[in-house]
Trainee: 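One structure, as structure tokens, below. Some questions next.
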Amino acid sequence: MARGSSPPITPDLLLRAYASGLFPMADSADDPDLFWVEPEFRGILPLDSFHIPRRLARTVRQAPYEIRFDSAFDEVVAACAESVENRPSTWINSTITELYGSLHRLGHAHSVEAWLDGKLVGGLYGVSLRRAFFGESMFSRATDASKICLVHLVERLRDRGFVLLDTQFTTAHLKRFGTIDIPRDEYSDMLADALEGPNLAFCDQL
């Protein structure tokens with residue numbers, strides 16, 4: 001982790017950081033400052049071995065939610081930043097909210113959303129860069145909503161030709177889907193390969 005005073009982070013600098021294997025975090029939602037993170041071991045979800053638990057697969061087939069892409073990006077980020085019972089605090093501060101909103105308007109940050117009766121009940125967001133997608137955060141207000149969004153994210157990435165889904169860290173939740181830790185050097189090689197390919201569009205309008 002790199003801390004200390006540094007020039008303001010711009011959307012362009014943020015993209016260059018992702019391309020170098022770095023991503024920003026804050027100590028808390030109330031702290032406006034950011035620091036760069038480059039884990040010794042990186043979490044990735046291999047797209048060719050993505051695992052959907054059997055019960056969840058049944059739920060996905062039932063299609064309980066309407067799935068949308070990029071229709072409410074700012075709302076997804078705001079929901080990910082909310083304090084909830086099982087997550088009393090987050091690292092998503094106002095600086096991150098503004099930066100990723102700018103990336104979204106530039107076509108590099110995207111959301112996958114679950115809707116029920118016209119209400120946003122789950123979602124996730126992340127950053128796309130050539131053939132890589134960097135997952136940032138997710139939230140759920142209804143049963144399996146964020147998990148179903150993850151399934152649709154992987155489906156979209158596969159269909160569009162992406163080769164790297166970076167989860168930054170592994171969690172017990174993500175391990176159920178096949179997320180693994182890889183050493184920094186191996187991640188750097190995978191990232192370089194993903195960035196050598198074409199600049200893929202995550203959404204058709206881009």
Trainee: Taking side chain as C-beta onward, heavy atoms only, is V76 less than 4.5 Å from L124?
Mentor: no

Trainee: Passes side chain to side chain contact (heavy atoms under 4.5 Å, CB included), R68 versus W115? Steps please.
Mentor: CA-CA 8 Å; R68 304 179 191 172; W115 294 80; 3.3 Å; yes

Trainee: Students often mix this up, so state it plainly: with edges at 30° and 60°, are the rings of F73 and H104 parallel, tilted or perpendicular?
Mentor: parallel

Trainee: Within the 4.5 Å heavy-atom criterion, are F23 and R42 side-chain neighbours or not?
Mentor: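 Result yes, sub-4.5 Å side-chain heavy-atom pair found.
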
Trainee: For D33, give me all partners under side-chain contact (heavy atoms from CB on, under 4.5 Å), at least two apart in sequence or on another chain.
Mentor: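 Partners of D33 under the side-chain contact (heavy atoms from CB on, under 4.5 Å) test: D31.
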
Trainee: Tell me, which pairs form a salt bridge (Lys or Arg N to Asp or Glu O under 4.0 Å) where one or both residues lie in residues 138-147, sequence neighbours left out?
Mentor: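 Salt bridge (Lys or Arg N to Asp or Glu O under 4.0 Å) check on residues 138-147 returns R55-D144, E82-R141, D144-K147.
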
Trainee: Check whether F162 forms a cation-pi arrangement with R131 (NZ or CZ under 6.0 Å from the six-membered ring centre, at most 45° off the ring normal).
Mentor: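 R131 over F162 ring: no.
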
Trainee: Heavy-atom distance under 4.5 Å between the side chains of P24 and V37, does that happen here?
Mentor: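 Side chain of P24 against side chain of V37, heavy atoms only: no contact under 4.5 Å found.
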
Trainee: Report the C-alpha distance between T95 and I9 in whole Å, list the side-chain angles of each, state the deciding distance to 0.1 Å, and finish with yes or no for side chain to side chain contact (heavy atoms under 4.5 Å, CB included).
Mentor: CA-CA 9 Å; T95 306; I9 299 177; 6.0 Å; no

Trainee: Considering only heavy atoms from C-beta outward, does the side chain of T59 approach that of P64 to under 4.5 Å?
Mentor: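 Side-chain contact under 4.5 Å: yes.
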
Trainee: Check side-chain contact (heavy atoms from CB on, under 4.5 Å) between R156 and all other residues, then give those that pass, not counting sequence neighbours.
Mentor: F69, R160, F202, C203

Trainee: Who pairs with I180 by side-chain contact (heavy atoms from CB on, under 4.5 Å), at least two apart in sequence or on another chain?
Mentor: I44, P46, I182

Trainee: Does P53 reach the side chain of R176, with side-chain heavy atoms less than 4.5 Å apart?
Mentor: yes

Trainee: Spell out, as yes or no, whether a donor-acceptor pair under 3.5 Å connects the side chain of E40 to the backbone of P183.
Mentor: no

Trainee: Do you see a donor-acceptor pair shorter than 3.5 Å between the side chains of W36 and E38?
Mentor: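 Short answer, no.
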
Trainee: Y187 and L164: side chain to side chain contact (heavy atoms under 4.5 Å, CB included), yes or no, with the steps?
Mentor: CA-CA 10 Å; Y187 173 79; L164 175 62; 4.1 Å; yes

Trainee: Starting from F41, can I reach M25 by hopping between I/L/V/M/F/W/Y residues whose side chains sit under 4.5 Å apart?
Mentor: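 Per the 4.5 Å side-chain linkage, M25 and F41 are not co-clustered.
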
Trainee: Between V163 and L47, does a side chain to side chain contact (heavy atoms under 4.5 Å, CB included) hold up when you go through it step by step?
Mentor: CA-CA 7 Å; V163 298; L47 294 171; 5.6 Å; no

Trainee: With F50, which residues qualify under ring pair (Phe, Tyr, Trp, His ring centres under 6.0 Å), at least two apart?
Mentor: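 Listed in chain order: F177.
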
Trainee: Who passes ring pair (Phe, Tyr, Trp, His ring centres under 6.0 Å) against Y18, sequence neighbours left out?
Mentor: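 Partners of Y18 under the ring pair (Phe, Tyr, Trp, His ring centres under 6.0 Å) test: F134.
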
